[in-house]
Amino acid sequence: MKNKQQLSYTEYENRIDSLRKSEKISAESIGKSIMGRHIQKLEIGLGEKKILLLGGVCGDSESADTLLSFAEEFAASCGERKRMCGTNPSYVSLYRKLVIYPLLNPDALEYRRIGLSEDNPIRDRLLAMNLFSEDFSEWKANGRGVSLERNSPIGFEKRKAYENAREIFNGSPCQFSGNTPESEPELCALINDILKYEKIKALVQISKGKDGIYTPVPSRTEGKDPTLKSMLRICGMRRASDTEEDNGIVDLLSEKYGVCAYKISSERCDLKNLRDLLYTLPVIL
């Protein structure tokens, strides 16, 4: 049964269009998915220092909905000059810029919510990847069966060895890295857009999963990284290990591009659960 909060791609685009009407938010497409759907970006604030928020890497509507709802609420709070979670969004927006990518993987969102359309150009191939099941509700890869988390060059050879041993050669709902690293248009669009920015304080990825916060740099212990310590305290979470799930995007941004990156996985990936953290991030970063 579908969660009532699950978005279709059309519903997602409609919400983006509504946000475009706000004077506090700018919205633009940074590129298109392998199936031609737009990858949208929202910007809020005027500050030089940027905080980047990323969702929907696996096509989960929960993280996309959380970031859309946060953007809507934050912008409204700026207009009304209201305090939220102990912070003043109007003040924060003068000194920080929030850059939000709510849904990196729109094709997976559509597959999970609607299933495969009859006119999908690689329908037969996708059905074979999905063991000929029409149920795509657990699909996490992009529109042609490549995991965006696993398409990172960090650890790529190790992942390919794993896939080859299990005869995963031509795509999978969640475990295929692609034939070459950084080959997928969604990942390339994200990286190319991020590299346009200077003074990035951090990127925080929101994902539905087992509660925990992951950061790829071992030296970032709670004692040495006050940001991590604050995030763990605010969320009431533990630090996640690098073996629990695929963390390829934050690994890539941190190790190859030098961007401080965190991944927050939450079983209850909703705004109510993450509101304090999202409002506090611009202050503690």
What is the minimum heavy-atom distance between [X] and [Y], and which atoms define it?
{"X": "Ala108", "Y": "Gly59", "value": "CB-CA, 3.7 Å"}
{"X": "Leu127", "Y": "Ser133", "value": "CD2-O, 3.6 Å"}
{"X": "Gly145", "Y": "Leu126", "value": "N-CD2, 4.3 Å"}
{"X": "Arg96", "Y": "Pro282", "value": "NE-O, 3.1 Å"}
{"X": "Leu68", "Y": "Pro102", "value": "CD2-CG, 4.1 Å"}
{"X": "Ile168", "Y": "Gly171", "value": "CG2-O, 4.1 Å"}

Test side-chain contact (heavy atoms from CB on, under 4.5 Å) applied to Leu190 and Ile39, Ile249, Leu252, the passing residue: Ile249

Test side-chain contact (heavy atoms from CB on, under 4.5 Å) applied to Asn142 and Leu148, Leu187, Val57, Leu104, the passing residue: Leu148

From OG (Ser265) to NZ (Lys210), nearest 0.5 Å: 10.5 Å

Distance, nearest 0.5 Å, that separates CD1 of Ile100 from CZ of Phe74: 8.5 Å

Donor + acceptor pair across side chains of [X], [Y] (<3.5 Å):
{"X": "Ser177", "Y": "Asn151", "answer": "no"}
{"X": "Glu110", "Y": "Ser8", "answer": "no"}
{"X": "Gln40", "Y": "Arg20", "answer": "yes"}
{"X": "Ser137", "Y": "Asp135", "answer": "yes"}
{"X": "Asp225", "Y": "Tyr262", "answer": "yes"}
{"X": "Asp60", "Y": "Ser63", "answer": "yes"}

hydrophobic_cluster_shared for [Y] and [X], side chain cutoff 4.5 Å:
{"X": "Leu94", "Y": "Ile51", "result": "no"}
{"X": "Val146", "Y": "Met129", "result": "no"}
{"X": "Phe176", "Y": "Ile122", "result": "no"}
{"X": "Phe156", "Y": "Leu253", "result": "no"}
{"X": "Tyr257", "Y": "Ile30", "result": "yes"}

Side-chain heavy atoms of [X] within contact of [Y], under 4.5 Å:
{"X": "Leu42", "Y": "Tyr101", "value": "no"}
{"X": "His38", "Y": "Ile16", "value": "no"}
{"X": "Ser61", "Y": "Lys208", "value": "no"}
{"X": "Tyr279", "Y": "Pro89", "value": "yes"}
{"X": "Leu228", "Y": "Arg239", "value": "yes"}
{"X": "Pro185", "Y": "Met35", "value": "no"}
{"X": "Met237", "Y": "Met231", "value": "no"}
{"X": "Asp251", "Y": "Pro216", "value": "yes"}

Is the backbone N or O of [Y] less than 3.5 Å from a side-chain atom of [X], with the two atoms forming a donor-acceptor pair by type?
{"X": "Arg112", "Y": "Cys58", "answer": "yes"}
{"X": "Thr87", "Y": "Met84", "answer": "yes"}
{"X": "Ser18", "Y": "Asn14", "answer": "yes"}
{"X": "Ser183", "Y": "Thr180", "answer": "yes"}

Can you confirm whether more than 12 heavy atoms, excluding those of [X], are under 6.0 Å from its [atom1] atom?
{"X": "Glu48", "atom1": "CD", "answer": "no"}
{"X": "Asp17", "atom1": "CG", "answer": "yes"}
{"X": "Lys50", "atom1": "NZ", "answer": "yes"}
{"X": "Glu138", "atom1": "CD", "answer": "no"}
{"X": "Tyr197", "atom1": "OH", "answer": "yes"}

Verdict with reasoning, Lys256 to Glu182, per salt bridge (charged side-chain N to carboxylate O under 4.0 Å, His left out): CA-CA 12 Å; Lys256 183 174 179 180; Glu182 292 184 82; 2.7 Å; yes

Pair Asp211-Ile264, side-chain contact (heavy atoms from CB on, under 4.5 Å): steps then yes or no: CA-CA 8 Å; Asp211 286 356; Ile264 302 172; over 6 Å; no

Worked verdict on Ile114 versus Tyr9 for side-chain contact (heavy atoms from CB on, under 4.5 Å): CA-CA 9 Å; Ile114 305 297; Tyr9 175 70; over 6 Å; no

Worked check of salt bridge (charged side-chain N to carboxylate O under 4.0 Å, His left out) between Glu186 and Lys32: CA-CA 7 Å; Glu186 300 91 347; Lys32 291 185 177 181; over 6 Å; no

Worked check of side-chain contact (heavy atoms from CB on, under 4.5 Å) between Leu54 and Val250: CA-CA 10 Å; Leu54 173 65; Val250 293; over 6 Å; no

Salt bridge (charged side-chain N to carboxylate O under 4.0 Å, His left out) contacts in which one or both residues fall within residues 274-285, not counting sequence neighbours: Glu73-Arg275

Contact list for residues 34-46, test salt bridge (charged side-chain N to carboxylate O under 4.0 Å, His left out), sequence neighbours left out: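 Qualifying pairs, neighbours excluded: Glu28-Lys41, Arg37-Asp107, Lys41-Glu43, Lys41-Asp193, Glu43-Lys97.
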
Aromatic plane relationship, Trp139 with Tyr111 - under 30° parallel, 30 to 60° tilted, over 60° perpendicular: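 Geometry flag for Trp139 against Tyr111: perpendicular rings.
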
Evaluation steps, side-chain contact (heavy atoms from CB on, under 4.5 Å), between Tyr95 and Leu46: CA-CA 6 Å; Tyr95 297 96; Leu46 304 172; over 6 Å; no

CA sep, side-chain torsions, deciding dist, call: Arg144, Glu184, salt bridge (charged side-chain N to carboxylate O under 4.0 Å, His left out): CA-CA 9 Å; Arg144 63 177 172 189; Glu184 300 311 291; 2.8 Å; yes

Check [Y] with [X], please: is the shortest side-chain N to carboxylate O separation under 4.0 Å?
{"X": "Glu198", "Y": "Lys49", "result": "no"}
{"X": "Arg150", "Y": "Glu163", "result": "yes"}
{"X": "Arg123", "Y": "Glu118", "result": "yes"}

